[in-house]
Amino acid sequence: MDIIEAKEVSFEYVRRDEEGNVEGTTRAVDHVSLDIRQGEFIAILGHNGSGKSTLAKHMNAILCPTEGTVWVDGKDTRQESEIWNIRQSAGMVFQNPDNQIIGQVVEEDVGFGPENMGVPTEEIWERVEESLKAVGMYQYRKHSPNKLSGGQKQRVSIAGVLAMHPKCIVLDEPTAMLDPNGRREVIRAVRALNQVEGVTVILITHYMEEIIHADRVFVMDQGHIAMEGTPREIFSQVERLKALRLDVPQVTLLAYELQKSGIPLPDGILTREEFVEEVGKLLGK
Amino acid sequence: MALKVDHVSYLYEEGMPLSRKALDDICLDIPQDQFIGVIGHTGSGKSTLMQHLNGLLTPTEGHIYYMGRDISAKDFDRKMLRSKVGLVFQYPEHQLFETDVFADVCFGPKNLGLPKEEIEGRAGEALEKVGIPREMYSMSPFELSGGQKRRVAIAGVLAMQPEILILDEPTAGLDPRGREEILDQIRQLRRQTHITVLLVSHSMEDVAEYVDRIIVMNQGRIMYDDVPKAVFAHYRELEQVGLAAPQVTYIMNALKESGLEVDTQATTIQEAACSLRKVFSAVGR
């Protein structure tokens with residue numbers, strides 16, 4: 001069962017001059033088709049301006065396609081009457097945690113979504129508890145969000161989405177503003193949601209290391225899907241990624257540098273453990 | 001010494017019940033012509049410290065000296081200080097406001113009351129230094145890409161001709177190539193002008209690649225202040241305070257543990273590749 005299906009989707013922004021007259025249009029997404037199955041961990045890469053955030057905003061009906069169709073959990077996103085159901089199926093987490101948290105206390109913030117959906121009070125508290133536990137923030141439930149670190153705030157944002165019991169979470173650069181520890185915490189929480197709770201994850205990021213565990217990677221360029229494959233398939237193509245203004249994880253790059261000087265390491269090494277093992281093999285250890 | 005920080009402490013909300021120490025007895029020397037990285041988790045005090053260096057905040061205790069003169073002294077010219085110590089905040093592109101790129105960069109020097117030719121000369125020079133081509137001078141800042149906007153914002157500070165440039169996470173939210181472009185521009189700028197740059201960053205890989213010296217902040221104190229290799233040798237302690245070493249350092253340590261004689265002090269891909277090539281050539285590969 002596909003949780004998200006996009007067929008020939010294009011999206012055009014209308015550019016206006018100072019008086020508001022239409023100057024022209026910019027095609028941010030250009031004939032994109034993709035299927036995302038329930039329970040997958042999907043990563044979307046792409047340089048600034050490649051159209052990845054615009055595409056992501058189609059996945060919970062913040063934007064509707066200019067051409068083509070997006071179905072979220074079987075519902076066409078252009079159907080106004082389904083918009084709340086769609087947003088409940090596919091939640092979204094943004095870059096800046098400070099723009100997403102509204103509650104004075106962590107547990108209130110997390111309860112905001114289900115409350116708006118009309119969930120009975122008893123159940124709201126149950127949902128708040130399980131969501132905060134899923135992201136490892138339960139012990140902070142009585143805290144003020146202002147006093148939390150960036151990584152903690154971002155995990156509260158994720159819990160807020162989780163409390164709406166979505167089938168799918170779209171995260172648009174959730175770690176861009178965080179320190180190394182915050183990044184680790186958030187990525188760990190996201191992976192747990194996917195593996196333990198079975199929530200479909202769509203992660204947009206500029207940090208290559210964060211997506212080595214993804215099931216599939218899409219690379220966007222000029223509104224198109226330029227590459228698609230497993231992390232290993234994608235990161236084996238170092239030069240191609242560089243041409244798309246992207247990068248590979250440092251361990252992959254190190255292996256690539258050594259390959260260039262004639263050391264026969266395999267393509268697409270993604271983890272430290274793999275690297276140590278492959279180097280050991282070559283040296284007969 | 002261009003800047004000297006002498007036993008500086010800073011209390012937020014001094015005298016209030018919620019008062020807390022953001023800086024605790026900081027001593028630092030910042031000479032001319034140095035590339036310094038500043039790392040620390042969110043809330044470690046690094047931004048507070050940076051805001052002291054150009055007089056935006058005044059120490060609760062201690063003194064800061066610019067060219068030997070106390071910047072808190074009554075007769076000290078703070079306006080001069082702010083043009084000599086340029087501070088570029090996070091997401092500086094949010095501060096662009098003029099109708100075109102050139103006018104935006106002229107804004108700072110115009111406020112210094114300089115003659116028109118000098119203002120325009122400085123603006124052109126600053127834009128050239130950050131790699132913005134002449135064709136873009138008359139464009140609206142809003143027509144530029146994220147990386148370009150950020151470079152225009154940096155040019156706005158450079159046009160003040162500072163001797164010390166403080167950049168607070170200049171690469172946050174940029175794609176990998178955009179990050180590299182900005183940092184390469186800064187390195188280039190340093191070669192031309194010998195300006196001192198303080199780079200606040202959450203990317204250990206970037207810091208390892210570019211700077212000569214790293215200041216590590218933790219709980220309002222300086223934890224380490226040394227060359228990158230020496231700082232990252234403490235990777236376990238850095239993890240304790242929410243930081244990390246560059247990934248290469250972990251790879252090299254893992255190789256060492258597997259019994260290989262590699263350089264665990266390597267902090268960049270080039271250094272690691274060099275050390276590994278030696279290991280391979282020693283066994284005749």
Side-chain angles (χ1 to χ4, degrees), chain A residues 15 17-18 45-50 52 95-96 147-153 173 175-185 206-209 241-251 253-258 260-265 271-273 275-277 279-280 282-285, chain B residues 39-44 90-91 99 140 143 145-148 169 171-181 201-205 238-239 241-260 262 266 268-270 272-274 276-277 279-283 285:
Chain A
R15 288 195 313 272
D17 64 13
E18 281 169 19
L45 300 178
H47 57 82
N48 295 119
S50 61
K52 58 189 187 317
Q95 195 181 98
N96 189 344
K147 306 271 170 186
L148 301 179
S149 73
Q152 291 170 333
K153 282 185 205 168
E173 292 190 51
T175 58
M177 301 182 76
L178 306 182
D179 58 29
N181 206 24
R183 287 210 292 271
R184 266 199 302 269
E185 288 169 7
H206 285 318
Y207 289 103
M208 304 300 139
E209 287 75 18
L241 284 167
K242 290 206 165 180
L244 293 170
R245 299 179 58 92
L246 298 173
D247 211 343
V248 297
Q250 276 210 314
V251 63
L253 191 59
L254 178 57
Y256 176 74
E257 286 294 320
L258 292 171
K260 279 202 294 191
S261 37
I263 296 165
L265 286 164
T271 66
R272 209 186 299 163
E273 292 73 24
F275 184 82
V276 172
E277 193 189 319
V279 167
L282 288 179
L283 292 170
K285 292 241 175 187
Chain B
I39 60 177
H41 64 84
T42 315
S44 60
Q90 256 183 54
Y91 294 85
T99 49
S140 156
E143 290 175 67
S145 76
Q148 288 165 342
E169 289 193 61
T171 60
L174 297 184
D175 58 45
R177 174 83 66 84
R179 290 210 282 268
E180 205 179 299
E181 281 169 0
S201 178
H202 283 324
S203 166
M204 304 302 135
E205 288 75 23
L238 290 173
E239 281 171 18
V241 300
L243 298 170
Q247 293 160 59
V248 163
T249 308
Y250 291 98
I251 299 168
M252 297 309 263
N253 277 288
L255 287 168
K256 177 97 178 179
E257 275 166 34
S258 80
L260 292 179
V262 292
T268 65
I269 300 273
Q270 290 318 324
C274 179
L276 275 162
R277 276 187 209 112
V279 173
F280 276 100
S281 67
V283 297
R285 288 214 64 144

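Lettering of chains follows the sequences in order, A, B, ..., and the numbering in each one begins at 1. Since the model is a prediction, treat every value here as computed from it, not as a measurement.
- Interface residue Leu178(A): only backbone heavy atoms are found under 4.5 Å from chain B.
- Ranked by heavy-atom pairs under 4.5 Å with chain A, the first of Gly40(B), Ser44(B), Pro176(B) is Pro176(B).
- Residues Glu185(A) and Gln152(A) bring no donor and acceptor atom of their side chains to less than 3.5 Å of each other.
- Listed options Gly43(B), Ala273(B), Ser140(B) were ranked by heavy-atom pairs under 4.5 angstrom with chain A; first place goes to Ala273(B).
- At a cut-off of 3.5 Å, with distance as the only test, no side-chain donor of Glu209(A) or Gln250(A) sits close to an acceptor on the other residue.
- The pair Glu180(B)-Arg177(B) does not meet the salt-bridge criterion, since no charged nitrogen lies less than 4.0 angstrom from a carboxylate oxygen.
- For chain B, the nearby part of Leu258(A) is the side chain; its heavy atoms alone come within less than 4.5 Å.
- Shown here are the side-chain hydrogen bond (donor to acceptor under 3.5 Å, both in side chains) partners of Arg184(A), two or more places apart in sequence or in another chain: Asn181(A).
- With chain A as partner, the option from Glu181(B), Glu169(B), Met204(B), Glu257(B) having the largest number of non-hydrogen pairs under 4.5 angstrom is Glu181(B).
- For Glu173(A), the part lying near chain B is the side chain, with the backbone staying farther off; criterion is any non-hydrogen pair under 4.5 Å.
- Side chain of Tyr250(B) to main chain of Ala245(B): a donor-acceptor pair is present (N/O by atom type, distance under 3.5 Å, no hydrogens or angles).
- Listed options Glu277(A), Arg272(A), Glu257(A), Arg183(A) were ranked by heavy-atom pairs under 4.5 angstrom with chain B; first place goes to Arg272(A).
- Ranked by heavy-atom pairs shorter than 4.5 Å toward chain A, the options Val248(B), Leu174(B), Asp175(B) are led by Asp175(B).
- In this structure, the side chain of Gln95(A) does not engage the main chain of Met177(A) through any donor-acceptor pair within 3.5 Å.
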